[in-house]
Amino acid sequence: MPARRHSWAEPWKIKMVEPIRMLTQAERSVAIRDAGYNTFLLRSDDVYIDLLTDSGTSAMSDHQWAGLMVGDEAYAGSRSFYHLCDAVADVYGYPELVPTHQGRGAEHILSQILITPGDVVPGNMYFTTTKFHQELAGGRFVDVIIDEAHQPHVAHPFKGNIDLGKLAAVVDEVGADRIPYVSFETNVNMAGGQPVSMANLREVYEFCHERGILVMLDATRALENAYFIQQRETGYRDHSIRRILSEICSYSDGATVSSKKDNLVNIGGFLALRDPELARRARAMLVAFEGLHTYGGMAGRDMEALARGIREMVDTDDHVRTRVGQVEYLGNQIRDAGVPIVEPVGGHGVFLDASGICDHLPPQQLRAQALAAAIYEDAGVRAMERGVVSAGRDPVTGDHHYPKLELVRLTVPRRVYTQSHMDVTAESVISVYERRTEVPGLRFTYEPESLRFFQARFEPVN
Ligand code: F0G
């Protein structure tokens, strides 16, 4: 039997640091009040440990920083663009690359070239910007994720899976010719960073291909998904992360990627495709909305750092193991103290079950928003609401949507914080949990019409 390692450490050491400071309790109370109890409206200078998002918040390596200096800023035919094409082809396996300024740029182009008004796009739980672009192009999103994804305390190894029965029912109802593609997200963000299995990817791809339906991945967090396949799916223990990632992509016709996550850069993204004709149509749109086809929305240096980030993320399996391991470390501490969280712990963050924690508040008092504000006030840790405020209102009835998942997301940036930062975070969350009945409910004082979670303001009820 191989020796078991009980501890793990990051496969890097720290060369540069950025100072942070913790405000006093009184200062934090003022800061969150001035921010209208919305963590999006806090100044980052007032935040001690910033777990708002893992998007664009990663630390780059020395090799990536060096890449910034040698990026080729040519308007057309940049050398850095070709480095990026090679990296995407080598690591993800797609021959056609369409660079964009970030993930939603790729979602926009893909939706516009494939969706005709009246089409239906099945997907495994929505993501805000993905669904927005599908609807902007005239499509209708239908959720075909397995039921377990909506149940925070049900432990299923692959909660991101598509329910083939639900998918078949949609195809029967609207016909394959009204379904341009299935939108298949890896490591589903809104479900809590939950993976899809290789078996499910394969099944969905075969099902779709028999019916002439394309499969488009949201491969934004496919690396983290590859790790869960390696750990949880029979037959993959001895496969490298690199090999698993390329197998994931082999069951698709293309992918949109926000490079601000797995790819270890602060800005960037791409649409990758197999079909040269589709890629030609995407490039024709790209020049109008993003930029020339050899830079999309990125500077040459951004593409150089991105090309290097893509290779680096699969260079050793230790990178993703310590990344997800750090998230698990945080999640285990919080769960072991009895705080209800989404199970199992996901790839990019720990999702607190605000409905379970703040059950002294009625749902109208915005439990997750209230909990996120209380966590900031306790020790300066910034989290994000993912519940009723994010879900918005029903356009027909005007009522709040009350999603089954009312969550607070503690999202861990890559290579940024240490285990001690995770300890402080866990202590703070646990201490708020112990005093949870004192967390005041919130009500809106300002409510934007769309994507309200970004700029809404609140006040405590009493
Ligand atoms: N797809 C997924 C799964 C995402 O999580 C995001 C962004 C996007 C697409 C859009 O990419 O931001 O580069 O335009 N998620 C961020 C988050 C905002 O905090 O989860 P983008």
Side-chain angles (χ1 to χ4, degrees), residues 38-40 42 44 47 50-58 98-111 121 123-136 141 143 145 149 159-160 182-196 216-225 248 252 254-272 289-290 296-298 302-303 305-306 309-310 327 342 346-351 368 372 382-387 389-391 405 407-414 416 451 453-455:
N38 184 350
T39 54
F40 275 101
L42 287 166
S44 84
V47 173
D50 201 347
L51 305 185
L52 185 74
T53 177
D54 64 328
S55 180
T57 51
S58 300
V98 181
T100 59
H101 75 286
Q102 59 183 79
R104 66 198 73 180
E107 292 167 353
H108 177 215
I109 306 284
L110 180 73
S111 303
V121 185
N124 50 343
M125 203 175 268
Y126 79 105
F127 185 71
T128 51
T129 57
T130 320
K131 178 161 162 268
F132 174 88
H133 280 297
Q134 290 163 358
E135 290 173 350
L136 190 71
F141 168 82
D143 188 8
I145 204 165
K159 275 183 157 181
V182 168
S183 179
F184 205 170
E185 187 183 333
T186 50
N187 243 45
V188 182
N189 187 355
M190 298 299 271
Q194 302 294 326
V196 303
M216 292 295 169
L217 297 183
D218 180 337
T220 294
R221 295 185 182 83
L223 178 78
E224 291 162 10
N225 200 126
I248 289 174
S252 73
T256 55
V257 172
S258 166
S259 295
K260 302 171 76 173
K261 285 82 168 175
D262 278 352
N263 295 164
L264 300 166
V265 288
N266 305 117
I267 193 71
F270 58 87
L271 167 62
F289 289 98
E290 298 276 318
M298 285 180 280
D302 296 335
M303 292 190 286
L306 172 54
I310 289 170
V327 175
V342 173
H348 64 307
V350 178
F351 289 68
R382 170 153 71 171
M384 184 191 288
E385 189 263 8
R386 293 270 89 152
V389 178
S390 295
L405 300 178
L407 308 175
V408 168
R409 185 180 78 169
L410 296 160
T411 343
V412 184
R414 297 165 187 78
V416 171
L451 296 175
F453 54 96
F454 287 125
Q455 280 136 358

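Computation of the quantities below employed the complete heavy-atom set of this structure, encompassing side-chain atoms and omitting hydrogens, waters and symmetry-equivalent molecules. Each ligand, and each atom within it, is numbered from 1 in the order the structure gives.
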TODO: Can you figure out which of M125, K261, R386, K260 has its heavy atom closest to atom 18 (C) of ligand 1?
DONE: K261

Which atoms of ligand 1 are found less than 4.0 Å from any heavy atom of [X]?
{"X": "T53", "value": "17 (C), 19 (O)"}
{"X": "T220", "value": "1 (N)"}
{"X": "R409", "value": "17 (C), 19 (O), 20 (O)"}
{"X": "S55", "value": "16 (C)"}
{"X": "R221", "value": "3 (C), 4 (C), 5 (O), 20 (O)"}

Task: Non-neighbouring partners of N263 that pass side chain to side chain donor-acceptor pair (under 3.5 Å), sequence neighbours left out - done: Y92, S259

Tell me which protein heavy atom sits closest to [atom], plus the residue, atom name and distance to 0.1 Å.
{"atom": "atom 13 (O) of ligand 1", "answer": "S258 OG, 2.7 Å"}
{"atom": "atom 8 (C) of ligand 1", "answer": "F127 CE2, 3.5 Å"}
{"atom": "atom 21 (P) of ligand 1", "answer": "Q102 NE2, 3.2 Å"}
{"atom": "atom 9 (C) of ligand 1", "answer": "E107 OE2, 3.0 Å"}
{"atom": "atom 12 (O) of ligand 1", "answer": "R104 NH2, 2.9 Å"}
{"atom": "atom 1 (N) of ligand 1", "answer": "D218 OD2, 2.7 Å"}
{"atom": "atom 10 (C) of ligand 1", "answer": "T129 OG1, 3.5 Å"}

When you measure from the side chain of [X] to the backbone of [Y], do you find a donor-acceptor pair of N or O atoms at a distance under 3.5 Å?
{"X": "D143", "Y": "M125", "answer": "yes"}
{"X": "E385", "Y": "S390", "answer": "yes"}
{"X": "E290", "Y": "H101", "answer": "yes"}

Task: Close approach, H348 and ligand 1, non-hydrogen under 4.0 angstrom - done: no

TODO: Check D262, T411, N189 against H348 for a side chain to side chain donor-acceptor pair (under 3.5 Å) and give me the one that passes.
DONE: N189

- [ ] Compare every heavy atom of G56 with every heavy atom of N266, then report the nearest pair and how far apart it is.
- [x] ND2-O, 3.0 Å

Task: Non-hydrogen atoms of A372 and V408 that approach each other most closely - done: N-CG2, 4.0 Å

May I ask you to check whether [X] has an N/O atom sitting below 3.5 Å from an N/O atom of ligand 1?
{"X": "E185", "result": "no"}
{"X": "D54", "result": "no"}
{"X": "G103", "result": "yes"}

Task: F132 CZ: over 12 foreign heavy atoms closer than 6.0 Å - done: no

Open item on the list: Could you check whether R386 makes a cation-pi contact with F453, meaning its NZ or CZ is under 6.0 Å from the centre of the six-membered ring and within 45° of the ring axis?
Closed with: yes

Task: Location of contacts on H108 toward ligand 1, heavy atoms closer than 4.0 Å - done: neither

Task: CZ on F351 to CE on M190, rounded to 0.5 Å - done: 8.5 Å

Open item on the list: Once salt bridge (Lys or Arg N to Asp or Glu O under 4.0 Å) is applied, do any residues pair with D54, and if so which ones, sequence neighbours excluded?
Closed with: R221, R323, R414

